[in-house]
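All ligand and atom numbering here is 1-based and tracks the order in the structure. Quick caveat: nothing in here was measured; it's all calculated off a predicted structure.
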Amino acid sequence: MSESILDQILRTKANELAEFQMPAFNREQPAIYSLKKALARPRHRFGLIAEIKEASPSKGVFRRDFNAERLAHAYVASGADAISVLTDRLYFHGSIERLQSVRREVRLPILRKDFIIDERQIEEAYLCGADAVLLIAGAMDTKQLHQLYATVKAFRLEALVEVHSRQEAEAVLNRFTPEIVGINNRDLKTFRTDLHAIEQIRPLIPQSVLIVSESGVQTRADIQFLQENGANAALIGETLIRADSPEKKIEDLYGKVVTRDATLN
Ligand SMILES: O=C(O)c1ccccc1NCC(=O)[C@H](O)[C@H](O)COP(=O)(O)O
């Protein structure tokens, strides 16, 4: 059987970690922008994590004039609650330096979007200014996932724990209850996205847990569907990145901002 893209990425990560060097600086201030608080009090009627992603394994490079900082400012101005920054180099053309640069530009929670399999990546995220990191249930067993979750907490960061199926959700919840769960609509074997994943998975998760629907969100009807099915927020990349005006696209999807100020906790 051929190797899935997730398996390939994880193999690359393990190789990269063999040469890993921790940034040689200290973080000046602890994480202060809480993803959880921002999503619990979204600036629209529904939460938005807006993503900065230059390329992806399924779609290649999104646009030639990609500018992460400009995108970050557009996201803040149009009412995003948090920003997700892809830091993987090989498959997504991101970098940890890009996250640092976005950190200097915005006062919103920043999610480090990468394939985290080692505590050092969490420390690096902390040092470089992230407030939260992605932990993917499908990338490891639940014991390791729980250990990494504890490390995230020890750095006073937050985690978005991603599941893609009922089985993954059940396995995670049998071991611990994350504060924020991401339901990834993208099948990492076929790259197909199906927003109906939420109908299968939401009923398994306690109401107190914040739910983020990830991938493939394109229209206002999608947002409405997710909201009606118990999501608190959507994580949106491609639709915003390809838009001529991300500001206008966010208004098309979400309507007008309800709370003017960015959540500064
Ligand atoms: O985006 C991909 O093609 C991809 C492939 C393999 C692993 C992960 C991938 N994406 C990471 C993400 O979680 C998405 O960037 C994110 O959910 C936003 O998705 P979209 O709105 O569809 O760009």
Side-chain angles (χ1 to χ4, degrees), residues 2-13 16 35 39 46-63 66 68 71-72 74-75 80-95 98-99 102 110-117 121 130 132-140 159-165 168 180-198 201 210-223 225-226 231-243 246 249-250 252-254:
S2 66
E3 194 182 36
S4 75
I5 184 67
L6 182 59
D7 290 338
Q8 279 178 48
I9 295 172
L10 294 174
R11 198 158 38 80
T12 307
K13 283 293 147 196
E16 287 173 359
L35 178 63
L39 297 182
F46 188 64
L48 169 61
I49 305 178
E51 186 150 278
I52 294 180
K53 159 168 93 162
E54 189 167 343
S56 81
S58 55
K59 304 283 174 65
V61 174
F62 290 110
R63 56 189 308 148
F66 184 86
L71 208 45
Y75 289 163
D81 300 297
I83 296 184
S84 162
V85 181
L86 257 302
T87 56
D88 173 78
R89 280 182 199 275
L90 190 62
Y91 299 91
F92 294 87
H93 299 193
S95 67
R98 171 168 292 161
L99 187 147
V102 171
I110 294 182
L111 171 73
R112 179 183 188 181
K113 197 83 175 312
D114 209 314
F115 298 81
I116 296 200
I117 51 172
Q121 294 165 289
V133 300
L134 179 74
L135 296 178
I136 303 175
M140 65 198 96
L160 174 63
V161 176
E162 176 181 301
V163 298
H164 173 64
S165 64
E168 278 180 13
I180 316 171
V181 167
I183 298 178
N184 195 355
N185 304 311
R186 180 172 285 112
D187 182 328
L188 297 184
K189 292 193 181 75
T190 61
F191 289 139
R192 274 195 58 237
T193 55
D194 180 2
L195 266 51
H196 291 88
I198 192 153
I201 300 173
L210 288 162
I211 301 292
V212 180
S213 176
E214 306 171 27
S215 309
V217 177
Q218 294 177 315
T219 65
R220 196 165 189 152
D222 290 345
I223 298 288
F225 170 79
L226 295 173
N232 300 91
L235 192 159
I236 310 180
E238 180 175 355
T239 298
L240 304 181
I241 293 156
R242 283 201 199 276
K249 181 55 79 176
I250 291 175
D252 288 349
L253 295 174
Y254 279 77

Task: Enclosure of Arg192 CZ (heavy-atom neighbours >12, cutoff 6.0 Å) - done: no

TODO: Drop me the distance from Glu16's CD to Ile117's CD1, to the nearest 0.5 angstrom.
DONE: 9.0 Å

Open item on the list: So that I can tick it off, tell me whether Asp194 and Arg186 are bridged by a salt bridge, with the cut-off set at under 4.0 angstrom between side-chain N and carboxylate O.
Closed with: no

- [ ] Return the set of residues passing side chain to side chain donor-acceptor pair (under 3.5 Å) with Thr190 (not counting sequence neighbours), or none when no residue passes.
- [x] none

Task: Sub-6.0 Å ring centroid separation between Phe66 and His93 - done: no

Open item on the list: Taking the side chain as everything from C-beta on, heavy atoms only, tell me whether Lys59 gets closer than 4.5 Å to Phe191.
Closed with: no

Open item on the list: At less than 4.0 angstrom from any atom of ligand 1, which residues have a non-hydrogen atom? List them by chain and residue number.
Closed with: Glu51, Lys53, Ser56, Pro57, Ser58, Phe92, Lys113, Phe115, Arg186, Leu188, Phe191, Glu214, Ser215, Gly216, Leu235, Ile236, Gly237, Glu238

